[in-house]
Amino acid sequence: MEYDFLKIERKWQEYWSKNKTFKVETDKSRPKYYVLDMFPYPSGAGLHVGHPLGYIASDIYSRYMRLRGYNVLHPMGYDAFGLPAEQYAIQTGQHPQKTTENNIRRYREQLDRIGFSFDWSREVRTCDPSYYKWTQWAFLKMFGHYYDNNSGKAEPVEKLVSIFEKEGNANVNAACSSERIFDASEWNSATEAEKSDILMNYRIAYLGETSVNWCAKLGTVLANDEVKEGISVRGGFPVIQKKMKQWQLRVSAYADRLLNGLDDLQWSDSLKEMQRNWIGKSTGTEVVFKTFNPDPVNFNAGDKGYDMIIFTTRADTIFGVTFMVLAPESEWVSKLTSKGQKDAVDSYIKQCAKKTERERMAETRTVTGVFSGSYSINPFTGKKIPVWISEYVLSGYGTGAIMAVPAHDSRDYAFARKFDLPIIPVIEGCDVSRESFDAKDGIMCNSGFLNGKTVKEAIPAALDAVEKMHIGKKKTNFRIRDAIFSRQRYWGEPFPIYYKDGIATPLPESELPLMLPDVDKFLPTEDGEPPLARAKNWTYKGYPLETSTMPGFAGSSAYYLRYMDPHNDRELVSREADEYWRNVDLYVGGTEHATGHLIYSRFWNKFLYDLGYVAEPEPFRKLVNQGMIQGRSNFVYRIIGTNKFVSYNLKDKYETTPIHVNINIVDNDKLDTEAFRKLSPEYADAEFILEDGEYVCGYAVEKMSKSMFNVVNPDNICDTYGADTLRLYEMFLGPVEQSKPWDTKGIDGVSRFLRKFWKLFFDDKGVFLVSEEKPSAGELKTLHKLIGKVEEDIEAFSYNTSVSAFMIAVNELSDMKCNKRAVLEKVVVLLSPFAPHLCEELWHLLGNERSVSFAPFPCYDASLTVEDEVEYPVSFNGKTRFKINLPRSMSQEDVRKEVIEYKDTVRYLNGRQIRKIIVVPGRIVNVVC
RNA sequence: GCUCGAGUGGUGGAAUUGGUAGACACGCAGGACUUAAAAUCCUGUGGUCAGAAAUGGCUGUACGGGUUCGAUUCCCGUCUCGAGCACCA
């Protein structure tokens, strides 16, 4: 019987779906395992072969864990809100709901063909009201809580209010956007609007004025991780900084916990490092610099001076501070601008404000700035130093003001050189005539009481001095900013917020979900209001509702919790389900979410953990980043001005332009010239200059995309080779974590392997025939080598080598003409995570009733794989070395014993005394004489 | 500029924790079967030198050093590529 993969695959896909084979329930009698893929955004282009890579890897692991007896939760859903559907809607007028549904249908068809073991009964879609109800619910909880630094967790705002009523905020230690201190009477006499404003400074979800990334082309603000190099990640449009009032999430309050939580996670080092950098913890010192404005624009505290606070990690260099710098957006600018400098400062500020983020970045090397007219006093030297304003100082980090040490900071150095400010080195022996000395290394000099100390000693000593003088304290700063949470777009979750007399007020929970309304157009209104302003009656009890919607990461932040209990309409997840499934044991997805989704999700989870809704402080225990699969494009070379095409190795003799050619008409880099002529009328009479009778194409590795004609559709692979071959081949291509180009060339190898395996079960006439005989020692050795290898490789996520192990085993079994049930049945189980359809078919042909998915994983017996002991002497350098190959299964302890025994009984080898015995943990022993 | 990761045949990639480098597969070459092709099967395949041949020698994991009886693996330096961050004081 031939291996008819199309028939087999269809048959078992229907079987799994009909029998709900992969539906799971909480089952306290069995251990759980939760395997999650990053759910896809259903784009219009459908899946290409790169998309399923991670899904296949996680599916293999799910199926493996099922064989091991775990109750495996392996769900799938769609991240369905987002910009592309909305952009398409603006162009075509088609409702994003509709295009999204169409795309989802297409995705589902494609996914189904690959034979995943998803529990589709748990599917979620972020755009579904029954789903986004819980996104809105979490937002309301964040609105209703603040972060208490003393208890180290989120607490209800009501608690804060009762403290304010009794004693004001002087003793409150909470994450807060304002430093203003007030007492109880001030609070009690405040108006509702004033109270609301004060509380906004504390809420975890809050409305706040901030400098945001504004993308005019998309008509919306964007979070920091949605902007790269000053350009929007989606669409690639320019982004500028703009002050706007926006909803934000106080992620910064969780910075320390987000950082510390990383230690216990089984994530790749590079990913953890990325998150650490993004969180950007730095410990330093806050120092007060007395600052005077000799001629203030407005008469105020000018003559008494201001206490200007700066943040530094190099308190040791205070003796080298020769000037101060303010960010252009700093609130100090207006206070410290003197009359004489007012015009210059104003024009500089204006110039800075106009620049886009991209322009500011492009000009990182050009130094700009202006003198404010004011002076500070260096607290250590007592010297008067000028205060400057420059855009190289960021308003959002630290206090928006710095002390400049040009001798030991390259940015300060460049500034000092440009504006001719003094440069005083404070570390012995460094040459600052050409560049600054930035290293934290050396002995202090020119530094009074710090002289003679090393930099490492001087930093705490300087901090000590500053504290004794009462002009500073130890301080930790974070780079991570609060997440900007509103988008001026249509296709997202509406905020459950209305404005009662201008005060942002939460909707009662009973009103959730607040449904996304219909609008006539998906564009902003004439007056620049977001599209939701077009909706009729977008009000609650007569008050206007918020018109922004939530960003993409809102819906993806807690979806892993929803899968645990997807149909619960009373809770996000029931306590029972949460306590059983807890968190994701294995999460597979791309590295592009390192500083977005993976931070927000951890934050969201920690918040819900504080409130007692979830049992685990971290959502994803182990994380594997699958690499990207790139396309392999082919080129033909057209001789300029002709319709002649020259083969790759001859192209240098002509003036040519490379043209992308559809990879479907190229085989092994050889062009099908007839098919090429038929491609378009333009090429109908194309001529070819061949080499060895063939047209050889050039190639390049590029992103897989329609415009490069290099897209490989998994459906086509399933048609010609079958889903099992596709799965195996994607794994065989290389380590899952690695990016690599797709090349269909090698697929014949795995295809051959599967057919070879299939043949083991049939006799010469093609009749299914397995023998009930006892397997030979050789057959058992092959089998158990395979079991050991496969088990080890799956655990290590090294699927490419396990596919190789299968090929070796099947070659060996084939050579031995092994058709014994006792061996083949176990191989079927082992292979079933990789090639589920084929194995399900064989499993049933072997007479089993239940799906192979629940067969027990074969037991590994190392003693059956023992190699014969070999012992051979090797001589070198006049010494003699004996290498003893001991069985692989032998424990290190046994090896040691064996060797000691050897040394005691055999003191001499080849007439030489044994000098040294080197035991390499494992099995190889060197005896040096 | 800073941080992290990688560099192995014509190609994708193996190689336990330092222990026979190149498993497995593709490609290529030769052969068998066939009228022929496809499919299938067999043999060879890092480089180089010697040999009629079996075989053997040398060399070889980006480059230069080091540690070690022994290095693709560990350490130092250089180069190249990839990813991330980018005036974070």
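Each chain gets a letter, A, B and so on, in the order its sequence line appears, and its residues count up from 1. Scope of the values below: all heavy atoms of this structure, side chains included, with no hydrogens, waters or symmetry mates.
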Report task. Could you give the distance separating G5(B) and C75(B) at their P atoms, to the nearest angstrom? Result -> 11 Å
Query - T725(A) side chain to Y721(A) backbone, donor-acceptor under 3.5 Å - result: yes
Query raised in the report: Glycosidic conformation of G9(B), syn or anti, with 90° from 0 as the boundary?
Result: syn
Query raised in the report: With rounding to whole Å, what would you report as the distance between A21(B) and A62(B) at their P atoms?
Result: 16 Å
Report task. Report the residues that fulfil ring-ring contact (aromatic ring centres under 6.0 Å, His included) with W742(A), sequence neighbours left out, ordered by chain and then residue number. Result -> Y729(A)
**Report entry** Earlier contact from the 5' end, RNA chain B, for W278(A) and A805(A)
**Finding:** A805(A)
**Report entry** Qualifying salt bridge (charged side-chain N to carboxylate O under 4.0 Å, His left out) pairs, either residue in residues 590-599 of chain A, two or more places apart
**Finding:** none
**Report entry** Same-atom distance (C1') from G22(B) to U8(B), integer angstrom
**Finding:** 8 Å
Query raised in the report: What nucleic acid atoms does D743(A) come within less than 4.0 Å of, heavy atoms only: base, sugar-phosphate, or nothing?
Result: nothing
Requested in this report: Remember a base hit wins even if backbone is also touched, and classify R755(A) as base, sugar-phosphate or nothing at under 4.0 Å, heavy atoms.
Outcome: sugar-phosphate
Query raised in the report: How far does the P atom of C2(B) sit from the matching atom of G70(B), given to the nearest Å?
Result: 36 Å
Query raised in the report: Pairing of RNA chain B as dot-bracket, 5' to 3': ( ) intra-strand, [ ] crossing, | other strand, . unpaired, with Watson-Crick or G-U pairs under 3.5 Å?
Result: (((((((..(((......[....)))((((((.......))))))(((((....)))))..(((((..]....))))))))))))....
Requested in this report: Using the C1' atoms only, state how far A32(B) lies from C49(B), rounded to an integer number of Å.
Outcome: 33 Å
Report task. For G9(B) and U17(B), measure between their P atoms and round to the nearest Å. Result -> 23 Å
Query raised in the report: For F478(A), what residues pass the ring-ring contact (aromatic ring centres under 6.0 Å, His included) criterion, not counting sequence neighbours?
Result: none
Query raised in the report: When we call it a touch if two heavy atoms are under 4.0 Å apart, what does P735(A) touch: a base, just sugar-phosphate, or nothing?
Result: sugar-phosphate
Query raised in the report: Mind checking what makes ring-ring contact (aromatic ring centres under 6.0 Å, His included) contact with H593(A), not counting sequence neighbours?
Result: H597(A)
Requested in this report: List in chain and number order the residues that pass ring-ring contact (aromatic ring centres under 6.0 Å, His included) with W267(A), two or more places apart in sequence or in another chain; answer none if no residue qualifies.
Outcome: none
**Report entry** Polar contact flag, side-chain donor to acceptor under 3.5 angstrom, D793(A)-T801(A)
**Finding:** yes
Query raised in the report: Taking for each residue the nucleotide of RNA chain B bearing the nearest heavy atom, is the 5' side occupied by S804(A) or by K759(A)?
Result: S804(A)
Requested in this report: Report which part of the nucleic acid R276(A) touches: base, sugar-phosphate, or nothing (heavy-atom distance under 4.0 Å, all strands).
Outcome: nothing
**Report entry** Gap in Å between the two P atoms, one belonging to U73(B) and one to U20(B), rounded
**Finding:** 14 Å
Query raised in the report: Roughly how far apart, to the nearest Å, are G18(B) and C74(B) at atom C1'?
Result: 8 Å
Requested in this report: Mind checking I402(A) for me? I need base, sugar-phosphate or nothing, with any heavy atom below 4.0 Å counting as a touch.
Outcome: base
